[in-house]
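Written below as structure tokens is the structure these notes are about.
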Amino acid sequence: DKKYKRSIEKINQEDNSDKDNKIIRYYIKAKIGLSKILLNTGKWDESLAILNDISKSMKNTDKKDIFDVAFSIGKIYSLKRNHDNAIKFYKEALKYATEQNDISKQGLTIGELAQIAFDLGQVESALKGFNQELDLFKKINEPLNISIAYGHLGMLYLQNGKMDKALDF
């Protein structure tokens, strides 16, 4: 479609029409959706390639999409045990979640950062992060995420030989 091709060519220009920007946003959302499917089916490299490609074209999109891209890239690097890059992208995602005042996304991202700290043997940092994750989810009353945060804390205590404390969670 000619309109679509023209919009993609203009993706990083400042003077796009509202119609062009709308097409660009739908394109980016579709690519994010595809990357999530690939991520969840174990095709991490294909997902990462899509995310890296669209991250170059995100100038004219909203912060929710930027969060999704940064969080997903962080997730891929975390799964690949590339902790430095995972931390970098999770911190970028946290920045956008904070700017949006999205407490749920803040909690999810802090939980991922705490998990990396735990994997790296940084128990105190992980404990602080998991407690912060729990506090955020309690603040907005998200029962599923609250239970996940309790699970994180229980896992941390169990793997550090504190069975009595683990059973509290």
Side-chain angles (χ1 to χ4, degrees), residues 1 3-80 82-117 128-152:
D1 171 77
K3 289 179 185 177
Y4 173 77
K5 286 181 183 177
R6 184 177 66 82
S7 295
I8 297 306
E9 289 168 4
K10 295 175 65 172
I11 207 162
N12 281 320
Q13 295 176 4
E14 296 293 331
D15 61 346
N16 288 333
S17 70
D18 286 341
K19 190 174 184 178
D20 287 337
N21 282 333
K22 190 174 186 179
I23 293 169
I24 292 165
R25 283 192 303 275
Y26 284 131
Y27 169 78
I28 289 171
K29 286 183 185 301
K31 288 292 193 171
I32 291 169
L34 174 59
S35 75
K36 286 181 180 180
I37 291 168
L38 292 168
L39 172 63
N40 290 325
T41 56
K43 297 181 179 175
W44 302 341
D45 291 331
E46 291 98 331
S47 178
L48 185 59
I50 289 170
L51 293 167
N52 282 329
D53 184 47
I54 62 173
S55 68
K56 299 171 194 166
S57 308
M58 303 222 28
K59 184 188 279 186
N60 295 318
T61 192
D62 65 30
K63 290 182 179 174
K64 289 179 185 177
D65 292 338
I66 296 171
F67 168 86
D68 283 343
V69 169
F71 187 88
S72 293
I73 292 173
K75 186 67 167 174
I76 292 167
Y77 281 126
S78 181
L79 290 166
K80 290 179 159 223
N82 183 331
H83 299 301
D84 291 338
N85 277 332
I87 291 167
K88 173 185 160 191
F89 283 97
Y90 281 141
K91 284 183 176 180
E92 183 180 339
L94 183 58
K95 176 183 133 193
Y96 288 107
T98 302
E99 286 177 10
Q100 296 172 65
N101 197 30
D102 190 322
I103 294 171
S104 182
K105 287 180 180 177
Q106 289 174 42
L108 291 170
T109 309
I110 289 168
E112 293 292 341
L113 287 164
Q115 185 64 52
I116 292 170
K128 181 181 174 186
F130 289 144
N131 276 315
Q132 191 176 4
E133 171 193 38
L134 177 61
D135 290 343
L136 288 167
F137 291 140
K138 282 182 173 180
K139 182 177 181 178
I140 56 174
N141 193 26
E142 285 190 356
L144 176 62
N145 285 328
I146 290 169
S147 66
I148 290 169
Y150 277 130
H152 289 155

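Residues: numbered from 1 along the sequence shown.
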Please report the shortest heavy-atom distance between L136 and I110, naming the atom on each side.
CD1-CD1, 3.6 Å
So, for L108 and N145, which heavy atoms are closest and what is the spacing to 0.1 Å?
CD2-OD1, 4.1 Å
Distance (rounded to the nearest 0.5 Å) between I103 CD1 and K139 NZ:
4.0 Å
I need the minimum non-hydrogen distance between I73 and L51, along with the two atoms involved.
CG1-CB, 3.6 Å
Donor-acceptor pair, distance only, cut-off 3.5 Å: does the side chain of S35 make one with the backbone of S47?
no
For D102, enumerate each residue passing the side chain to side chain contact (heavy atoms under 4.5 Å, CB included) test, keeping only those at least two apart in sequence or located in another chain.
Q100, S104, K105
Value rounded to 0.5 Å, distance of CD1 in I146 from CG in D135:
10.0 Å
In this structure, is the centre-to-centre distance between the rings of Y90 and F71 below 6.0 Å?
yes
Given side chains that start at C-beta, do those of L39 and L79 come closer than 4.5 Å, heavy atoms only?
yes
If the condition is side chain to side chain contact (heavy atoms under 4.5 Å, CB included), which residues does K43 pass it with, not counting sequence neighbours?
L38, T41, E46
With rounding to the nearest 0.5 angstrom, report the CD to CZ distance, Q132 to F137.
11.0 Å
Got a donor-acceptor contact below 3.5 angstrom from the N40 side chain to the K36 backbone?
yes
Intermediate values then yes/no, side-chain contact (heavy atoms from CB on, under 4.5 Å), T109 and F67
CA-CA 10 Å; T109 309; F67 168 86; 3.4 Å; yes
Is there side-chain contact between L48 and Y77, with heavy atoms separated by less than 4.5 Å?
yes
Roughly how far, to the nearest 0.5 Å, is the CD1 atom of I87 from the CG atom of L94?
12.5 Å
Name all pairs fulfilling the salt bridge (Lys or Arg N to Asp or Glu O under 4.0 Å) condition that reach into residues 69-79, sequence neighbours left out, sorted by first residue then second.
K75-E112
Where A86 and G74 come nearest, the two heavy atoms and their spacing:
CB-O, 3.5 Å
Could you tell me which non-hydrogen atom of G107 sits nearest to which non-hydrogen atom of E133, and how far apart they are?
O-CG, 3.6 Å
Looking only at atom types and distance, does a side-chain atom of S147 sit under 3.5 Å from a main-chain N or O of L144, one as donor and one as acceptor?
yes
Gap between atom OG of S55 and atom CD1 of I50 - 0.5 Å precision:
12.0 Å
Quick one: are D84 and K88 in side-chain contact, heavy atoms under 4.5 Å?
no
On a heavy-atom basis, which atom in H83 and which in I116 lie closest, and how many Å separate them?
ND1-CG2, 3.6 Å
In terms of side-chain geometry, is the basic nitrogen of K29 or D65 positioned less than 4.0 Å from the acidic oxygen of its partner?
yes
Verdict with reasoning, Q115 to F130, per side-chain contact (heavy atoms from CB on, under 4.5 Å)
CA-CA 8 Å; Q115 185 64 52; F130 289 144; 3.8 Å; yes
